[in-house]
Every structure is written in C-alpha cells, then in structure tokens.
Amino acid sequence: MRRMNVLLLNYEYPPLGGGAANATAHLLREFAQDPELNIDLVTSSTGISRVEELSERITAHFLDIGKEGNLHYQTNRDLLAYSWRAYRYAKHLAKRTKYDLCHAFFGIPCGYIARKLGFPYIVSLRGSDVPFYNERFHYPDRLVFKRLSVRIWSRAAWVVANSAGLRDLALRSAPKQRIEVIYNGVDTTAFQPASEPRQEGQGLRVLCVSRLIERKGIQYLIRAMAQLHDLGARLTLVGDGNEKASLQELAHGLGVSECILFTGAVDHEGIADLYRQHDVFVLPSLNEGMSNTVLEAMACGLPIVMTDTGGAAELLKDGVNGYLIDKRATRDLVARLRAYAENPEEVISHGAESRRLAESLSWRSVAAAYKDLYLATAAGSR
C-alpha cells in the first residue's frame, strides 16, 4: 500500500487562532487513524520554532513568526512573516518528501504559497479569505485580493467552502469557479447536553463564545442585555480580542456590568462544561463562515439565536432549534431572548432539536470527504 504524502498549510493551530485552527486539529485527529496518509503541517508557533510528532504519521512544524499579543488575532505582520517563512520551509520539506498534494487552509496566504510550490493543491475557504467577507477590507479586496483570489482558485485542483453561504459569496468574485461545500464537524462525544434539567425560577443564562472583535457584533448583544434587566438574565462572554476593553466599557456605561461575565479564553477541556451551564447560545456576528462554536453549542443541547449570515441557515431551523435574526438588530435579540426567558419549555424543545441536528455532523465525515478529494487530486482526476 502506497501512502499519500500531504503538505497541510494553516497559519493557525491551537492555541493560536480560532475556528480554522480547531478544524485543522480535529481533522488531524481523524487522519491520525488512517494508515494511508502521511501529513506534514506547517503552521505558526507561539514561541520558538519546533517540530512535534502529533502521531506516527503526522508531523507539525511550528515556525517562529515573532507572534506577540492576542493569540486569537493575526496581524498583517503575522501573516507576512508566516507567508515568507512557510514558503521557504515548505520548499525545504519538498526536497526530502515527494508530496502528492498540498492542502491550504485559507486562500490567502496559504493558497498563494501552495500555488507557488508548484504541485497540486486544494484550497479550503474559511471566511475572511473570501473577497468582501469583511467590510473592513472592501477596498483592498476590490483593488487586489479579488483578482489574486481568482487566480489562486483557478489553479487549484479543488476549492472547498465550509458553508453554502460562503460558497455563494466566493462565486460573486468567480462565477465560473467550481466550489465544493464541506461543512465543519463537531465532536458529539466531548460536547453533550447537561445531565440535569434546567431549574425553574432562575434567570435566563445566555452564552456567547467568540473572538471579541468588531466583526462578531458583540456590542449588540450587550445592548440587548441592558433591556433584559427585569428578567434577571445573565450573559457569559467567552473569548478574547482587541474589542474586549471597549465592550467592558460599554457594559459599564449601560449599567449591566454586574450581569455580564467576561471569562477570557477558556481551554478546550473547560468549554464543554460552560455550554452545559447555560440555557441559550447567541452569536450576533456580522459575517461568518460555518461557526464551530454554534456546532458545539448545538451538540450540548442549546437553542441558538444568531444572525442570518454565512452558514447560519444550514445549521439553524428558524423556530425549531432557535431563531435567525437580522444583523445589528438589538431589538430582535431582545425579543427572542425575552421569549425564551418567558417560555422555558421552548428552551427545552429547541435544545433537544439542536442536539438531534448536531448528531448528523461529525469530524469523521468531514475527514472522509476531504480524503476523497485527496484521492481524486493524487489520481489526477481534475
């Protein structure tokens, strides 16, 4: 049996990064059980460069990019440092290993590196790497990144989006590009509902797990909490980001600091318990791909309230396991959370449906779908 040699590029890997980092970690855990795959991951280090054996056939190469500050946010300097060092390092690896393909998480910068390496590659689109996903980059996307992205995608063996919504956004830039959809998965064993039922008489416990950055729309959730004082609702915000201080100031200014807990980042082992300690999960993001945290919350049996963006409609059946709301719509948030607070039986029924839907998704199925693309790429079918 000849094993496939795969070079995997992602500048994020836990503890550095967000959803794409976690997705890569989960994929590699599944691939570790596959005797047909040898994988080299080239990623960023939070300190000095090092090489780590993740399993018998999977090796992680951590490159020192001089990372400073927030681990969950990558600056332009971080991306440029990774791009230069990863390209040189990948060329070095390719001299000693004949790779069948390169799998690049993010079209830019990793897809660009893959294209420069010169062997077949797959691009996984994650969100921020798709032109016009982030309003902050509208003009750079229009002037540079749209054209560059189309070139990268056109040379790829496969282009994959993690939601139909993200695929549709990418197709606005490249209408003729073929783009597959492979959703994120969820570990339904690690993330399970609480064993004890929700107690009557306690205020609604609201949870949001997210990077605290402007794109996530957390300010609208904090404003909603200011209108739920009479219900005794409480909010837990899990995560870090460059908006943390301003969000804390907003909470203080609105007089709701005492009912909002900022936990900072929580490790993977502790996050499942936090889901189980809450009643409803909210993600008021202004743009999203396929949210890992929403999947985890669903697996833990929580109803979901989230903005109608990215893969939301593919995860959330409106009025069945939660509610879709408009972006920046504080009034909608207030109405939906008030309805849950006043109807605890709906919290239970919607949460049960969330769990049922989550059980149809798994990282094993995601890994199998990607392996099919690996086999097709190695066989030269595209």
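Comment: Glu214 does not engage Lys216 in a salt bridge, judged by the lack of any side-chain N to carboxylate O separation of less than 4.0 angstrom. Between Arg356 and Glu353 there is a salt bridge, since a side-chain N of the basic residue sits under 4.0 Å from a carboxylate O of the acidic one. One finds a salt bridge joining Arg205 and Asp279 here, because a Lys/Arg side-chain nitrogen approaches an Asp/Glu carboxylate oxygen to under 4.0 Å. Using a cutoff of 4.0 Å between basic side-chain nitrogens and carboxylate oxygens, Glu243 and Arg211 are not scored as salt-bridged. Classification of Arg126 and Asp129 as a salt-bridged pair fails, no side-chain N sitting under 4.0 Å from a carboxylate O. A salt bridge does not link Asp40 with Arg57: none of the charged nitrogens is closer than 4.0 Å to a carboxylate oxygen. Taking the charged nitrogens against the carboxylate oxygens, Asp240 and Lys244 do have a contact shorter than 4.0 Å, which makes a salt bridge.
The heavy-atom pair separating Ile260 from Ala251 by the smallest distance is CD1-CB, 4.1 Å. What you find for Phe132 and Asn287 is that their closest heavy atoms are O-ND2, 4.3 Å. Leu125 and Ala170 make their closest contact through CD1-CB, 3.9 Å (heavy atoms, listed as atom of the first residue, atom of the second, distance). Taking every heavy atom of both residues into account, Ile218 and Cys208 meet most closely at CD1-SG, 3.6 Å. For the residue pair Ile271 and Val266, the shortest heavy atom distance occurs at N-CG1, 3.8 Å. Taking every heavy atom of both residues into account, Asn22 and Pro14 meet most closely at OD1-CG, 3.7 Å.
Side-chain heavy atoms closer than 4.5 Å link hydrophobic residues (I, L, V, M, F, W, Y) into clusters, and following such links, possibly through other members, connects Ile108 to Val123. Val320 and Leu315 are assigned to two separate hydrophobic clusters, defined by single-linkage of ILVMFWY side chains at heavy-atom distances under 4.5 Å.
Heavy-atom neighbours of Arg50 CZ from other residues, nucleotides or ligands within 6.0 Å: above the threshold of 12. Within a 6.0 Å sphere centred on CD of Glu68, other residues, nucleotides and ligands contribute 12 heavy atoms or fewer. Around NE2 of His252, the count of heavy atoms belonging to other residues, nucleotides or ligands within 6.0 Å does not exceed 12. Residue Lys371 places its NZ atom among more than 12 non-hydrogen atoms of other residues, nucleotides or ligands, all under 6.0 Å distant. Atom CD1 of Ile48 is surrounded by 12 or fewer heavy atoms from other residues, nucleotides or ligands within 6.0 Å. The environment of Asn76 atom CG is sparse: at most 12 non-hydrogen atoms of other residues, nucleotides or ligands sit within 6.0 angstrom.
Residue Arg234 holds its CZ atom at 13.0 Å from CG of Leu228, rounded to the nearest 0.5 Å. Once rounded to the nearest 0.5 Å, the distance linking OG1 of Thr236 with CZ of Phe281 reads 11.5 Å. Note: Ile325 CD1 to Asp332 CG = 6.0 Å, rounded to the nearest 0.5 Å. Taking CZ of Arg167 as the reference point, atom CZ of Arg172 lies at 12.5 Å (rounded to 0.5 Å).
The only option from Ile179, Ile152, Ile122 that meets the side-chain contact (heavy atoms from CB on, under 4.5 Å) definition with Val159 turns out to be Ile179. Test Tyr89, Tyr13, Tyr82 against His61 for ring-ring contact (aromatic ring centres under 6.0 Å, His included) and you get one pass: Tyr89.
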Exercise. Side chain to side chain contact (heavy atoms under 4.5 Å, CB included) between Leu261 and Leu237: does it pass, once the steps are laid out?
Worked result: CA-CA 6 Å; Leu261 173 63; Leu237 286 172; over 6 Å; no

For this session: Check step by step if side chain to side chain contact (heavy atoms under 4.5 Å, CB included) holds for Leu373 and Val160.
Result: CA-CA 10 Å; Leu373 297 190; Val160 180; 3.5 Å; yes

Problem set entry | side chain to side chain contact (heavy atoms under 4.5 Å, CB included) between Leu212 and Asn242, worked out | CA-CA 6 Å; Leu212 303 185; Asn242 58 4; over 6 Å; no

For this session: Could you give me the CA-CA distance, side-chain angles and deciding distance for Glu52 and Leu54, then say whether side chain to side chain contact (heavy atoms under 4.5 Å, CB included) is met?
Result: CA-CA 6 Å; Glu52 184 177 328; Leu54 301 182; 3.7 Å; yes

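Side-chain rings of Tyr374 and Phe31 approach one another, their centers coming within less than 6.0 Å. A centroid separation of 6.0 Å or more is found between the aromatic rings of His103 and Tyr121. Ring to ring, Tyr340 and Tyr323 are close: their centroids are under 6.0 angstrom apart.
Scored by the ring pair (Phe, Tyr, Trp, His ring centres under 6.0 Å) test, Trp153 finds no partners at all (sequence neighbours excluded).
Checking side-chain atoms of Thr307 against main-chain N and O of Ser285 turns up a donor-acceptor pair under 3.5 Å. When atom types are taken as modelled, the side chain of Asp187 and the backbone of Ala190 share a donor-acceptor pair closer than 3.5 angstrom. Judged by distance alone, with hydrogens and angles left aside, the side-chain atoms of Asn5 form no donor-acceptor pair with the main-chain N or O of Asp100 at under 3.5 Å.
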Output side-chain donor-acceptor pairs under 3.5 Å for residues 112-119, partner residues at least two apart or in another chain, one line each.
none

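Val186 is not listed as a side-chain neighbour of Met298, based on a closest heavy-atom distance of 4.5 Å or more.
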